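Remember, predicted model here, so these are calculated numbers, not experimental data.
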Amino acid sequence: MTQLNAIYTVRRECQDCHKCIRECPVKAIRVQDGYARVVPEKCILCGNCIVACPSSAKQVRNDLPKVKELFASGRRVVASLAPSFVAQFPGVRPGQLIRALKKLRFFAVSETALGAQNVSASVLELMQGEPGHVWISSACPVVVDFVAKYHPECESNVSALLSPLLTHCKMLRAHYGDAIAIVFIGPCIAKKQEAEQHPELLDVVLTFEDLENWLDEEHIDLSKLVETEDDCFALEDAREGSLFPIEGGMTPGITRGGQVNSSQVMSFSGIANVEQALEGITEWKPEHNIYLELTACAGSCVNGPKAARNQSIAKRRFEVLKHARPADQSPRTASLAQTGPYAAAPVSRSEYSEMQISEALRSVGKYSSEDELNCGGCGYESCRDFANALISRNAERMMCATYTRKLAQKKANALLRKMPSAVVIVDDQLKIIECNANFMRLFSEDVEHEKELEGAALDAIIPFTNLFQRVLESGEDVVSHDIRYQRSILNTSIFSIEPHLVLCGIFQDITEPIFQKEQIIGRARDVIQKNLKTVQQIAYLLGENAADSEIILNSIVRSFSPEDLDESAVEKPK
């Protein structure tokens, strides 16, 4: 079976709000048939759409069944635990979390931060090399993908190092052997792609949310667990690597020996800031080597897409700082982090002619620059960006709010014009929003055009506004109510368009010959249909009288509309 993408859309939950497009930094969303789906080859797995979606239509693939399969296989399964766990589970001691993971059958639990320390040692060696380089951290898989897909000109600046997670996997396999299975647990969705790209190192990735759901499923309460002296991290406790999940967290590990100045290490988080940091770096030749710690999530990993949102980012950062152990001065082994990161294929960017863009804009009713409101309702920054998406078939015309509104208005106007009845729409102050020409002719013959009545008070035009007021207050519609008006009888229906806010009134002069005829035909048909079942049930009592009753009613209808009545549609008694 084909594996789901790490991020996918639950179609029935997509509410056509375009918020995912608005929040996607690379617009890796395609709208087709009214629902938004992720385009994998464009997606960088930042998870912004997951956080933004108000209806939870955007989901992360659940890999928990894969983990359970690993346990069932009999292999020893080791957990690589992201250092942001202290922010995810505040008040829970590390030993309690280790005890919980062992109750879930993990053989050992180790800190991913150990891999981060190894990466820092490798970066230090890199920084002491030939000067004049600007290096980009390979720690964040989202940034690595972003550079490869959207800024390939900067790809040579990405350090040829494995991420902290993959380095940690190498450390665990060097210690336990290649027969083990490794499961990463953290706030990052993009780590799932790392597992797919490096199955020889990493087996499965779970999010913190997955872990919490699993603990609930097994009825394990972290706060009630009592750890033992065996409930400690495998290999060793991490030190300065524990700071990696916060912005600037790499700096202490790189500068701890004093060989690299802190001014040579710069930190930027959030894709918008990352993109600005990349500007011009290919031409920059600094006197000393520069290292850019770039992370996709604003505030870094403590604010990952699957990090807890029940406390502020400031408090999450504080939890990491509070639990981090100070760096020691012992030398770090740097060999394990070596090997270049995975590089995705650049995303091709189609260039469209001005004529194509203008044509796309005209298709949504934008004929001049004044029509280009750039409101962002479609999710794109500008109308021209939206036009590009239309041409590339990543968007649909109905995504444009102004186009949709105008189209709906045109349809409503056409219906109002064609309706034989008088129609008026009013607001909660009983001011006319819209009406048709038949309403104007029926109630205000001195007005030349129905547009002149827009904004007028309804009680200045018709004498029975009490019916409108009643519907406005009660919310209960008035259906087919006959009102005597001047020398006519008006069949009136008043109903809510928006309860207590907008009402619609429909009036039909049933004293006009054509309407009398239609009214009698309609009511005769109603009598036939409503009473026919009863007639059938008691036919054996009434005998021929039942048939006579139906014949008489049908004859009335035929006398009014001999051409129109389809006698085959009238049910006969059985």
Side-chain angles (χ1 to χ4, degrees), residues 5-9 11 14 16-49 52 58 136 141-158 190 193 271-283 296 342-369 371-404:
N5 296 319
I7 297 176
Y8 64 95
T9 303
R11 183 168 182 168
C14 185
D16 202 23
C17 68
H18 312 141
K19 199 170 182 181
C20 56
I21 301 173
R22 197 172 298 116
E23 296 300 324
C24 179
V26 295
K27 300 296 179 272
I29 306 287
R30 177 175 293 141
V31 176
Q32 286 182 329
D33 301 323
Y35 92 102
R37 65 180 184 88
V38 175
V39 182
E41 58 270 22
K42 292 184 176 182
C43 180
I44 56 175
L45 295 177
C46 64
N48 284 10
C49 59
K58 293 289 179 291
I136 298 171
V142 176
V143 169
V144 171
D145 232 23
F146 178 64
V147 171
K149 289 182 175 180
Y150 297 96
H151 291 278
E153 72 280 2
C154 301
E155 200 169 345
S156 61
N157 295 85
V158 179
Q193 184 167 273
I271 286 293
N273 291 329
V274 166
E275 186 150 40
Q276 289 184 32
L278 293 176
E279 291 178 7
I281 68 165
T282 54
E283 291 82 33
Y342 162 81
V347 172
S348 60
R349 302 188 184 188
S350 301
E351 296 292 334
Y352 300 110
S353 67
E354 187 62 30
M355 183 179 294
Q356 287 175 300
I357 293 172
S358 296
E359 187 179 342
L361 288 170
R362 284 196 296 272
S363 74
V364 288
K366 299 183 186 299
Y367 298 95
S368 67
S369 57
D371 294 328
E372 296 176 30
L373 302 179
N374 300 325
C375 67
C378 60
Y380 290 90
E381 295 296 325
S382 68
C383 293
R384 295 181 74 81
D385 287 345
F386 176 58
N388 274 277
L390 281 175
I391 299 168
S392 60
R393 299 188 177 182
N394 286 322
E396 297 177 323
R397 287 185 298 168
M398 297 303 289
M399 292 167 62
C400 177
T402 53
Y403 171 75
T404 305

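Between Asn48 and Cys24, the closest side-chain pair of non-hydrogen atoms is not below 4.5 Å. With a 4.5 Å cut-off on side-chain heavy atoms, Arg384 and Phe386 do not count as touching. Asn394 has its side chain out of reach of Val31: every pair of non-hydrogen atoms, C-beta onward, lies at least 4.5 Å apart. Within the 4.5 Å cutoff, side-chain heavy atoms of Leu373 are placed close to those of Thr402. Here the side chains of Cys49 and Ile7 are in contact, with some heavy-atom distance below 4.5 Å. Counting heavy atoms from C-beta on, the side chains of Met399 and Ile21 come closer than 4.5 Å. Residues Leu361 and Cys383 are in side-chain contact: their nearest non-hydrogen atoms beyond the backbone lie under 4.5 Å apart. Between Met398 and Asp16, every side-chain heavy-atom pair lies at or beyond the 4.5 Å cut-off.
Here the shortest heavy-atom pairing between Ser363 and Leu390 reads OG-CD1, 4.2 Å. Nearest heavy-atom pair, Ala6 versus Leu45, reported as atom, atom and distance to 0.1 Å: CB-CD2, 3.9 Å.
A salt bridge does not link Arg30 to Glu396: none of the charged nitrogens lies less than 4.0 Å from a carboxylate oxygen.
With values rounded to the nearest 0.5 angstrom, Tyr352 atom OH is found 13.0 Å from Glu359 atom CD. Interatomic distance, Asn388 CG to Ser382 OG, rounded to the nearest 0.5 Å: 8.0 Å. With rounding to the nearest 0.5 angstrom, the CZ atom of Arg397 is 3.5 Å from the OH atom of Tyr403. Note that CD1 of Ile281 and NE2 of His151 are 9.5 Å apart. Values are rounded to the nearest 0.5 Å. Interatomic distance, CZ of Phe146 versus CG of Leu278, reported as 6.5 Å (0.5 Å rounding). A distance of 13.0 Å separates OG of Ser392 from CZ of Arg349, quoted to the nearest 0.5 Å.
With hydrogens and angles disregarded, no donor-acceptor distance shorter than 3.5 Å links the side chain of Asp145 to the backbone of Val142. Side-chain atoms of Glu275 do not come within 3.5 Å of backbone N or O of Ala272 as any donor-acceptor pair. Side-chain atoms of Arg22 come within 3.5 Å of backbone atoms of Gly376 as a donor-acceptor pair (strictly under, hydrogens ignored). Distance alone, capped at 3.5 Å, is enough to place a donor-acceptor pair between the Thr9 side chain and the Ala36 backbone. At distances below 3.5 Å, at least one donor-acceptor pair connects side-chain atoms of Tyr150 with backbone N or O atoms of Lys42.
Lys366 and Ser358 form no side-chain donor-acceptor contact under 3.5 Å, judged by distance and modelled atom types alone.
Within a 6.0 Å sphere centred on CD of Glu153, heavy atoms belonging to other residues, nucleotides or ligands number more than 12. More than 12 heavy atoms of other residues, nucleotides or ligands lie within 6.0 Å of CD in Glu41, so this atom counts as buried by the packing criterion. In the displayed structure, Gln32 atom CD is contacted under 6.0 Å by more than 12 heavy atoms of other residues, nucleotides or ligands.
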Applying side-chain contact (heavy atoms from CB on, under 4.5 Å), run through Val26 and Cys43 and close with a yes or a no.
CA-CA 7 Å; Val26 295; Cys43 180; over 6 Å; no
Evaluate the side-chain contact (heavy atoms from CB on, under 4.5 Å) criterion for residues Val38 and Asn5: first the C-alpha distance (whole Å), next the side-chain angles of each, then the deciding distance (0.1 Å), finally the verdict.
CA-CA 9 Å; Val38 175; Asn5 296 319; 5.9 Å; no
How far apart are the C-alpha atoms of Lys58 and Glu23, what are their side-chain angles, what is the distance that settles it, and do they pass the salt bridge (Lys or Arg N to Asp or Glu O under 4.0 Å) test?
CA-CA 12 Å; Lys58 293 289 179 291; Glu23 296 300 324; over 6 Å; no
